[in-house]
Protein chains: 2
Amino acid sequence: IGGSSKSDSSGVSNSGESSKESSRCSTPVLDADRTDRLRDKMKRRIESGDHWFSLEFFPPRTASGAVNLISRFDRMGSGGPLFIDVTWHPAGDPGSDKETSSMMIASTAVNYCGLESVLHLTCCNQTKEKITAHLNKAKRLGLKNIMALRGDPIGEDWVEEDGGFNYATDLVKHIRCEFDDYFDICVAGYPTGHPEAESYDNDLRHLKEKVDAGAHFIVTQLFFRAETFLRFVKNCRAIGITCPILPGIFPIQGYHSLRQLVKLSKLEVPEEIMQVIEPIKDNDAAIRSYGIQQAVEMCKVLLASGEVPGLHFYTLNREVATIEVLRQLGLWAEDPRRPLPWAVSAHPKRKVEDVRPIFWASRPKSYIYRTQDWDDFPNGRWGNSSSPAFGELTDYYLFYLKSKSPKEALLQMWGEELMNEGSVYEVFTNYITGQTNPSGHKVMCLPWNDDPLAPETNLLKDELEKVNRRGILTINSQPNINGKPSSDPIVGWGPAGGYVFQKAYLEFFTSSENVTALLQVLKKYEPRVNYHIVNVQGKNITNAHEMQPNAVTWGIFPGREIIQPTVVDPVSFMYWKDEAFALWIEQWAKLYEDESPSRMIIQYIHDNYFLVNLVDNDFPLDSCLWQVIEDMFATDQITVT
Amino acid sequence: IGGSSKSDSSGVSNSGESSKESSRCSTPVLDADRTDRLRDKMKRRIESGDHWFSLEFFPPRTASGAVNLISRFDRMGSGGPLFIDVTWHPAGDPGSDKETSSMMIASTAVNYCGLESVLHLTCCNQTKEKITAHLNKAKRLGLKNIMALRGDPIGEDWVEEDGGFNYATDLVKHIRCEFDDYFDICVAGYPTGHPEAESYDNDLRHLKEKVDAGAHFIVTQLFFRAETFLRFVKNCRAIGITCPILPGIFPIQGYHSLRQLVKLSKLEVPEEIMQVIEPIKDNDAAIRSYGIQQAVEMCKVLLASGEVPGLHFYTLNREVATIEVLRQLGLWAEDPRRPLPWAVSAHPKRKVEDVRPIFWASRPKSYIYRTQDWDDFPNGRWGNSSSPAFGELTDYYLFYLKSKSPKEALLQMWGEELMNEGSVYEVFTNYITGQTNPSGHKVMCLPWNDDPLAPETNLLKDELEKVNRRGILTINSQPNINGKPSSDPIVGWGPAGGYVFQKAYLEFFTSSENVTALLQVLKKYEPRVNYHIVNVQGKNITNAHEMQPNAVTWGIFPGREIIQPTVVDPVSFMYWKDEAFALWIEQWAKLYEDESPSRMIIQYIHDNYFLVNLVDNDFPLDSCLWQVIEDMFATDQITVT
């Protein structure tokens, strides 16, 4: 597996080059693939002989299931799938704006997780208008690929309608007719023939029709023997189907799920598999282990055949078995190089985005959400940050911005009862150190950080612990970096052979007393340290230019312009400030009863503390920001005395 | 004198900040002043108490005089004048496109020398239409400031015309009326009264009228005593003239020039000066020395008075005396910090330009000339480098692109008679080393380098000498730099407190045999070294992306985005290639007779050599480019053997 084989859906491409017209600085186009279509990606991967994989998911039933599925997208996305696909659940209002709809899940995968995504769409019992509306909506949401299916007719006595959608072929034709070449289209293939088809050959002819109508590739129904698939491919080729045919792989994950699937798909499980499974049917671990082994062996045969450019996995929304199979096949990209320090969105409109404010570093989905209406990412950045029109906080409760943890877990982490501001300092400190709190729970997240400490932040752990203990409540930070290789496992990003740089950054809440001392101290650090200090009312103290962003992360690469993906932007900081203060109330204070002491403590902090960010511009030297804090505490002492 | 006092006309401002609307990366706006008007610059300097100076020149009579004057602009511009002004010579077709016209000289100062410039304009005996046409042309050429004068009537029996331009006031009103607030307007003041005025008081009232009509500042006629000027300022203020009044300083440079000037201006030289000068009237050096001393002393009194924000020098197109006076006053900015590695044009259209291809580094005027029609410098760079519409080489003979040296001097430097290609290698080598050639002349310039080696290139002198001796004919190079302070006297640029970086760059002509060996060698240096190799027919061999520029100079500064002012741009390289090859013929071959052996040697090189550029992307390591050349020679040896 070459380097580029891991690259497509994660947006990384070391060797790929841009076909862009302009050679502007701020469109460095790290990843040519961002402008490419799924079919082109497949074509290149076939040509280079790099095998790929793709992952199928179904929409969750509940909002919390959606939050979990999206976390899974993030985790499984890191392995480098070429695409994921989301099934269409006609019974679940699949085209709606509900957080659990097929449409919204696929949109989230594209926009927030940066995954190339295929949306399933079934057509039977649907009007043309309805289908067109779905497709328009999908297009608007940034979806570029459709899996065109007939779907299961409702009821037993289904009859074909004249001029209606009776077959997937009709849907393919409709998509082509109404949307020309906009969507890449996938259709389903049945290695043993569609259960309702008159015959295997007849079904093959139907498949040929679908492809001729304008489909770009085929994903097959699951099967249990490599030879089943290979015979099917041979037969497809024989009747002139030339597009990629991807085998649907189903690692057996349990006895009951297998039986259910077999029933639904009207497939027969081969005798040799049943013989192994039946005796161990109550031993989940043993079945799962067998399923993995069976899938790995079958996939090896498929890949070795030369007929299989990529593998399509039916994940059943689970990750362990699929990842294990991919690991054993060497297809799982353990540590994909990041094209930029933040995850690149797969929405075509955002494909040239190449710089973001640092403030949302731990809340990238919030940033994407709040900037989703920006039509304009000229040169990959906000059009005009003086009027950036961030999405309102009133839309704030969007499901994927909520904490993944239930209320009880949050209370266990952040304290059932707060005694004073010091209790809050302790929560922050425990989050940094990873130590358990008095009630025995680890603080795994904070309102501003939904995940444990980033590896990079870990570099600053000792200093962070020290200052959080004393009421410097840090929510974002990065160390200074003076030219580490772009391949560095912790701080590296971008193409091979480059160097990455950072200015030290520290962002925290702290009391107004501390701010008074801090301002005195900062005079000594002019112009080395830039600061923005703001409270919830918007009182804003800064020594930075009111419009000019400060680049705090940049990279230098062979044969390219400079890339500066992260900036401290004074204008967007004021938008972030609103969000950062609101998180105190929305995520923390509201865990407690109205008027309760705990709630009042958080409310007090919200009302009286300042949000501070500091940049040490002198990146080649050791960061002076810790010394700034030390000096601040020393000044505090004097003031008190 | 504070740091910012030296900054205006050189475009440098360390403390100034941008008032730009956008916060785009590629518009870092190092220099707020670039967007400012002359009157605003004066206002800020007055407020900060930073004294300035300005320089007056007159148009030269000959084309070679123009070439010399422009060199003088470059030299005197480096001292940091707030502006220069160019007088209007009604008898010399001043508004024409002739290289010696007032209009073209002022335009050259703005566009090619990056100097804030004031164009004089006289109005008597001119139609309104003609004046408006001049002003429109000036505006189109990037001129933003006009010195509005009446000018000398032709003939003795001049009578006022009704509705015509009889006084400078009429011209000021006309400019305001036709061009609103576009131009900053300067008018002349006469410390001893205009020679034709009825009275001193009457003249003062005329001046008041000119200012009231819309002038922004006053420059005075020369005078010989500080008290003359100070009384004049007092009288101006008394009648309500509040704008800046700049004293015209005339350092006496010779007996005859003084007498001539006195005659023309109808001024009286004070007795105390005549008494000193008369006895030494045949000793030029003594008079010049006295003139400097006299001017310095008078200027000191003026500056100390608190009434004088800046000094205006009548240079008579000479530089020694004026520079000496300014040096003694501490107003000459010996080593002004560069805002960017190349001189910034003062044309308002180009004010956001912040990146250029490296190829024209030694021919910046050619670059400005060839890109002068680019309306669009979005984000300070070319609109679309895939169709950059460089000016044609057919316009190539523009006077300021010609060598400053006459043909005889060029022949002395480059050889009256060339024996073989080796003779050419020798010329290149002598240029690098600064040693005299066999005929006893130093090679001060080459067709691609009109000036002696830059201090930065000097850092590479030994290596350059070695390779030029062996037929690597270098025309452009820079060392790698891994984070030197922006204040570094040799390689520094940009605001204080920053760091500058470079990738090593080498550009040279060499034989096709060398190129064959080089290409073999370069395989070992992938992807560390990017190369473009091209011959005059356009055969183009490269391992770089066809559109993507490679940033080879960049800077990191406090509170700013990254600045990357120099790139190796593949598209513009093909335009540069045409120019670089043409210089062999136009500047060198044509020195010799048709069919002469010398000419045929240059023609052979032109027809058969390749132009090569190499970038070592691994800037933190020692440059590998010298090793690449070494390896190439070694491979050559093997091939020959």
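Sequence lines set the chain letters: A, B, ... in the order given, protein chains first and strands last, and positions in each chain run from 1.
Nearest heavy-atom pair across Gln548(B) and Glu561(A) is NE2-N, 3.6 Å. For the pair Phe557(A) and Asn550(B), the tightest heavy-atom approach, listed with the atom from each and the gap, is O-OD1, 4.3 Å.
Note that CH2 of Trp554(B) is 11.5 Å distant from CH2 of Trp554(A), once rounded to the nearest 0.5 Å. The distance from the CD1 atom of Ile556(B) to the CZ atom of Phe501(A) is 7.0 Å, given to the nearest 0.5 Å. Interatomic distance, Gln564(A) CD to Gln564(B) CD, rounded to the nearest 0.5 Å: 8.5 Å.
For the pair Asn530(A) (side chain) and Pro558(B) (backbone), a donor-acceptor distance under 3.5 Å is absent. Checking side-chain atoms of Asn617(B) against main-chain N and O of Gly498(A) turns up no donor-acceptor pair under 3.5 Å.
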